[in-house]
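Letters go in sequence order (proteins before strands), and every chain restarts at 1. Computed from a predicted structure; not experimentally measured.
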Number of protein chains: 2
Amino acid sequence: MRNRLVTSSSAATFSALADPTRRAVLDLLRQGSRPAGQIARSFPVSRPAISKHLRLLRRAHLVQERKQGRQRFYHLNPEPLKAVDSWLEQYRVFWSANLASLKAFVETEYAKEKKRST
Amino acid sequence: MRNRLVTSSSAATFSALADPTRRAVLDLLRQGSRPAGQIARSFPVSRPAISKHLRLLRRAHLVQERKQGRQRFYHLNPEPLKAVDSWLEQYRVFWSANLASLKAFVETEYAKEKKRST
DNA sequence: GAAATATGTAACCGTATAGTTACACATTAT
DNA sequence: ATAATGTGTAACTATACGGTTACATATTTC
């Protein structure tokens, strides 16, 4: 039941990623750490809303906070995303499998089409 | 703004994956398609609850339905997961980067420790 | 010390969500 | 035809969530 374990331990991560604003915050932080206020100014919602998103991201360990004077710099912690990646890993084989069956399907249809047109 | 697009188009996928039961349903379907009832019996929640999860997964195109007699077989459609994978792709570089800095950190600490013990 | 700045949190609101039970509908079995 | 089976949905409940405004707190500036 290793999958089970991975799935449940990364529960906080998956639900943190469910919100588009939070994903965008992470995308922003990929370019470097920023103080909370600057993050908030990058989005069309209120500062407290972003503050709450940051709290959630913090709890999911997707960001970390570094106090500096009166500012709090947030930086990305990509580590929990590894769990998402390893969950996804088990599905990658299906993509190629489906590509193969799609290819087969297309070829069959092409053959039919050819036959029909003659 | 390609990231933005990827992020928003996969919104349904990300929120579908937020629920642990739904992830477990997908995990189950990796082993092959199953009728709705059998899926439901695999979980400690009521059948209607699973029926609703399946509806959500269907809308996110993560599963597809095939009616067969009075049963409805559900099978995995991994295609939408590609968007998640490509979102993650932008973070993979950070893992190795962090591993490198962790390595550097550990080596520095080791050097300090060595010095201290002499 | 007072004003300005940066931030988090509490209280509240509306909506979404995950669960339940009760019911409707289609299909198969008797 | 009737009963049994498989499934989805409606109605309802409790809770979580994303947003807001108002406020508290810490730090810097003047």
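Residues B/Leu76 and B/Phe73 fall into different hydrophobic clusters, defined by Ile, Leu, Val, Met, Phe, Trp and Tyr side chains chained together at heavy-atom separations under 4.5 Å.
Regarding B/Arg59, its CZ atom lies at a distance of 13 Å from the P atom of C/dA18, rounded to whole Å. Distance CG (B/Leu57) to P (C/dA18): 10 Å, rounded to an integer number of Å. For B/Ile50 and D/dG8, the CD1 to P distance is 11 Å, given to the nearest whole Å. Regarding B/Asp19, its CG atom lies at a distance of 17 Å from the P atom of D/dT15, rounded to whole Å. What separates CZ of B/Arg66 from P of D/dG8 is a distance of 14 Å, to the nearest Å. Separating the NZ atom of A/Lys67 from the P atom of D/dT25 is a distance of 14 Å, rounded to the nearest angstrom.
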Which donor-acceptor pairs under 3.5 Å do side chains of residues 45-55 of chain A form with protein atoms, sequence neighbours excluded?
| residue | atom | partner | partner atom | Å |
| --- | --- | --- | --- | --- |
| A/Ser46 | OG | A/Ala49 | N | 3.3 |
| A/His53 | ND1 | A/Arg22 | NH1 | 3.0 |

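Remark: side-chain polar atoms of A/Asn77 are not paired, donor with acceptor, to backbone N or O of A/Gln64 under 3.5 angstrom.
Contact of B/Lys52 with D/dG8 (side chain to base): no donor-acceptor pair of N or O atoms is detected under 3.5 Å.
The pair B/Arg30-B/Asp27 meets the salt-bridge criterion, since a charged nitrogen lies less than 4.0 angstrom from a carboxylate oxygen.
With sequence neighbours left out, A/Glu65 forms a side chain to side chain donor-acceptor pair (under 3.5 Å) with A/Arg72, A/Tyr74.
One finds no side-chain N or O of A/Ser46 lying less than 4.0 angstrom from the OP1 or OP2 phosphate oxygen of D/dG19. The side chain of B/His53 places an N or O atom within less than 4.0 Å of a non-bridging phosphate oxygen (OP1 or OP2) of C/dG19.
The nearest heavy atom of DNA chain D to A/Gly69 and to A/Ala18 marks one nucleotide each, and the one closer to the 5' end goes with A/Ala18.
Among the candidates B/Leu57, B/Leu62, B/Val63, the single residue satisfying the side chain to side chain contact (heavy atoms under 4.5 Å, CB included) test with B/Leu29 is B/Val63.
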Please list each protein N or O that sits under 3.5 Å from an N or O in nucleotides 6-8 of chain C, with the distance.
| residue | atom | partner | partner atom | Å |
| --- | --- | --- | --- | --- |
| C/dT7 | OP1 | A/Ala36 | N | 3.3 |
| C/dT7 | OP1 | A/Arg72 | N | 3.2 |
| C/dT7 | OP2 | A/Gly37 | N | 2.6 |
| C/dG8 | OP1 | A/Tyr74 | OH | 2.4 |
| C/dG8 | OP2 | A/Ser51 | OG | 3.4 |
| C/dG8 | N7 | A/Arg47 | NH1 | 3.0 |
| C/dG8 | N7 | A/Arg47 | NH2 | 3.3 |
| C/dG8 | O6 | A/Arg47 | NH2 | 2.9 |

